[in-house]
Amino acid sequence: MSGHEHHISSDKLLLGVGGALLLLTIVTVGVHYLALPSPWSIIVAMIVAVFKGTLVALFFMNLYWDEKFNLMILISAFVFLALLVLLTLIDTLFREIPVPSF
Amino acid sequence: MANKTSTHAHPKHLYHHFIDSEQQFSAAKMGMWIFLGTEILMFGGLFAAYIIYRAWYPELFTMASHELNTIWGAVNTVVLIGSSLTVAMAIKSAQLNQKRNIAINLGITIALACVFMVIKYFEYTHKFHLGIYPGEFYTFDGIEHPKANIFFSLYYLMTGLHGIHVTIGIGLMSWLLWRSLKGDYDSEYYTPVEITGLYWHLVDIIWIFLFPLFYLID
């Protein structure tokens with residue numbers, strides 16, 4: 001509980017972050033129309049999405065200035081999501097008959 | 001209001017089991033973050049399903065994605081980013097005691113959220129006309145793949161759950177707008193604006209991921 005002051009974002013910062021998100025949206029759509037070879041298209045799209053999501057979390061959701069505990073809650077949610085995905089993929093990627101009938 | 005002398009020592013919004021407004025604000029925010037953690041895990045189950053099916057049928061995702069309109073998906077991304085910006089502006093207005101700007105920014109947020117849902121409505125109805133329904137109701141024959149319905153089951157589940165969240169968000173924002181017009185929020189107390197804002201930003205982040213995963217496959 002570090003005092004009574006809440007962080008107040010300036011218009012400049014908020015508009016800057018909004019502008020960056022808009023720019024990154026244009027970039028990701030532009031890259032889509034470039035039709036990069038197979039793995040790179042999704043890699044670039046996901047890097048841009050993670051970057052956009054991080055901007056929103058840090059500066060719109062104020063995690064950058066907030067108590068670190070809230071950041072820990074967010075990160076732990078993603079850690080458990082990664083566990084879910086990885087443990088499931090260990091099964092589904094290495095089956096004898098890879099694709100099920102459903 | 002009736003008892004002016006006690007308002008300073010004990011503000012109207014402060015519940016008796018909190019030490020002060022600051023502690024109440026932090027507790028509310030932490031509670032919201034824990035809820036958002038559960039939201040990530042709820043959507044996470046669907047994202048996990050998406051990853052598994054995309055690993056199984058990579059060619060299906062490429063083919064089926066062409067039925068989605070990239071431009072409308074991009075427009076909706078911009079609309080949601082704009083609405084996140086106005087929510088952040090509403091919170092800043094509350095912190096600076098600019099009561100009228102809280103209502104204006106919340107109003108713009110609601111309008112943008114409605115634009116998002118209207119675009120989603122036209123996207124959905126266009127697909128329904130083609131016979132693109134989820135699961136066993138799928139009757140479209142424009143995609144040469146026996147499992148084409150799986151892509152659209154995931155599409156409807158994930159964008160549908162997201163759309164429900166946007167709709168709930170519109171309801172919450174309308175309630176905030178009504179209360180801000182009554183003058184309930186100022187720099188001393190704006191907790192509901194802050195934590196609804198957190199919810200709204202998460203809904204925005206989820207769309208930031210849904211957009212490339214469904215619309216930007218080539």
Side-chain angles (χ1 to χ4, degrees), chain A residues 1 3-4 6-11 14-15 17-19 21-22 24-26 28-29 31-36 38 41-42 44-46 48-50 52-53 56-57 59-63 66-67 69-74 76-78 80-82 84-85 88-89 91-93 98-100 102, chain B residues 20-23 25-26 29-30 32-34 36-41 43-45 47-49 51-52 54-58 62 70-71 73-74 77-78 81-82 84-85 87-89 91-92 95-96 147 150 187 190 194 197-198 200-202 204-206 208-209 211-213 215-218:
Chain A
M1 314 293 130
H4 192 71
H6 296 165
H7 173 82
I8 302 177
S9 298
S10 65
D11 283 354
L14 293 177
L15 290 171
V17 172
L21 290 170
L22 181 65
L24 286 166
T25 305
I26 295 168
T28 196
V29 173
V31 169
H32 168 67
Y33 284 116
L34 283 180
L36 296 178
S38 179
S41 174
I42 175 93
V44 172
M46 283 300 102
V48 173
V50 168
K52 283 165 77 179
V56 173
F59 300 112
F60 279 175
M61 300 171 101
N62 286 333
L63 282 177
D66 208 355
E67 292 158 42
F69 192 78
N70 292 335
L71 179 63
M72 190 202 75
I73 295 171
L74 177 67
S76 59
F78 283 113
F80 280 102
L81 175 56
L84 170 70
V85 171
T88 315
L89 283 177
D91 167 14
T92 61
L93 282 182
V99 175
F102 49 88
Chain B
D20 55 20
S21 296
E22 185 55 32
Q23 192 200 33
F25 180 78
S26 299
K29 211 158 65 165
M30 188 182 85
M32 194 60 188
W33 272 108
I34 290 170
L36 295 186
T38 70
E39 288 277 274
I40 288 166
L41 293 174
F43 275 96
F47 277 99
I51 292 166
I52 289 153
R54 188 158 175 182
W56 271 340
Y57 307 109
T62 310
T70 305
I71 298 302
T77 308
V78 173
I81 287 169
S84 261
L85 177 63
V87 166
M89 289 286 200
I91 292 164
K92 182 218 67 182
Q95 290 169 324
L96 296 175
K147 303 287 183 197
I150 286 178
S187 61
Y190 59 95
E194 172 83 18
L198 289 176
W200 191 253
H201 294 311
L202 186 84
D204 184 24
I205 290 177
I206 289 164
I208 284 173
F209 282 92
F211 171 55
L213 288 177
Y215 293 79
L216 298 184
I217 311 171
D218 41 22

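All chains are named by letter (A, B, ...) in the order of the sequence lines, taking the proteins before the strands, and each is independently numbered beginning at 1. Reckoned from all heavy atoms, side chains included, excluding hydrogens, waters and symmetry mates.
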On a heavy-atom basis, the closest approach of A:Ala49 and B:Ile208 is O-CG2, 3.6 Å
CG on B:Leu202 to CE on A:Met61, rounded to 0.5 Å: 5.0 Å
Can B:Ile81 and A:Lys52 be said to form a side chain to side chain contact (heavy atoms under 4.5 Å, CB included), step by step? CA-CA 10 Å; B:Ile81 287 169; A:Lys52 283 165 77 179; 4.1 Å; yes
May I ask you to name which of A:Asp11, A:Leu36, A:Thr88 has the most heavy-atom pairs under 4.5 Å with chain B? A:Asp11
Taking side chain as everything from C-beta outward and backbone as N, CA, C, O, which of these in A:Val50 sits under 4.5 Å from a heavy atom of chain B? Side chain, backbone, both or neither. both
Residues A:Leu93, B:Trp56; criterion side chain to side chain contact (heavy atoms under 4.5 Å, CB included); working and verdict: CA-CA 8 Å; A:Leu93 282 182; B:Trp56 271 340; 6.0 Å; no
Can you confirm whether B:Leu41 sits close enough to A:Phe80 that some side-chain heavy atom of one is under 4.5 Å from a side-chain heavy atom of the other? yes
Among the listed options B:Leu85, B:Leu216, B:Ile34, B:Val87, the residue most often paired with chain A at heavy-atom distances under 4.5 Å: B:Leu216
Heavy-atom distance under 4.5 Å to chain A: side chain of B:Phe25, backbone, both or neither? side chain
Heavy-atom cut-off 4.5 Å, strictly under: side chain, backbone, both or neither for A:Leu24 against chain B? neither
Checked A:Val17, A:Val48, A:Val31, A:Leu84 vs chain B; the most non-hydrogen pairs under 4.5 Å come from A:Leu84
In terms of heavy-atom proximity below 4.5 Å to chain A, should B:Glu194 be classed as side chain, backbone, both, or neither? side chain
In terms of heavy-atom pairs under 4.5 Å, which option from B:Thr77, B:Ile206, B:Leu96, B:Ile52 contacts chain A the most? B:Ile52
Classify the ring geometry between B:Tyr190 and A:His6 as parallel (under 30°), tilted (30 to 60°) or perpendicular (over 60°). perpendicular
Is the shortest side-chain heavy-atom distance between A:Ile42 and B:Ile217 below 4.5 Å? no
So OG of A:Ser10 and NZ of B:Lys92: to nearest 0.5 Å the spacing works out to 8.5 Å
Which atoms of A:Thr28 are under 4.5 Å from chain B, going by heavy atoms: the side chain, the backbone, both sets, or neither? both
Can you tell which part of B:Leu36 gets under 4.5 Å to a heavy atom of chain A, answering side chain, backbone, both or neither? side chain
Can you tell which part of A:Phe60 gets under 4.5 Å to a heavy atom of chain B, answering side chain, backbone, both or neither? both
Work out which heavy atom in B:Gln95 is nearest to a heavy atom in A:Ser9; give both atom names and the distance. OE1-N, 4.4 Å
With rounding to the nearest 0.5 Å, note down the distance linking CD1 in B:Ile91 to NE2 in A:His7. 11.5 Å
Evaluate the side-chain proximity of B:Phe43 to A:Leu81: yes if any heavy-atom separation is below 4.5 Å, no if none is. no
Return the CG to CG distance between A:Asn62 and B:Leu198, rounded to the nearest 0.5 Å. 7.5 Å
Inter-residue atom distance B:Asp204.CG - A:Leu21.CG, 0.5 Å rounding: 7.5 Å
To check you understand the geometry: which heavy-atom pair defines the closest contact between B:Ala48 and A:Val85, and what is its length? CB-CG2, 3.9 Å
Most heavy-atom pairs under 4.5 Å with chain B, out of A:Ile73, A:Val56, A:Asn70, belong to A:Asn70
Could you tell me which portion of A:Tyr33 (side chain, backbone, both or neither) has an atom closer than 4.5 angstrom to a non-hydrogen atom of chain B? side chain
Within the distance-only criterion (no hydrogens, no angle test), does the side chain of A:Glu67 pair as donor or acceptor with the backbone N or O of B:Ser26 below 3.5 angstrom? no
Residue part contacting chain A, namely of B:Ser84, when any heavy atom lies under 4.5 Å: both
Is it the side chain or the backbone of A:Asp91 that comes within 4.5 Å of chain B heavy atoms, both, or neither? neither
Relative to chain B, which segment of A:Leu14 carries a heavy atom at a distance below 4.5 Å: side chain, backbone, both, or neither? both
Which bit of B:Met32 comes within less than 4.5 Å of chain A, counting heavy atoms only: side chain, backbone, both or neither? neither
How about B:Trp33 and A:Leu63: do any of their side-chain heavy atoms sit closer than 4.5 Å? yes
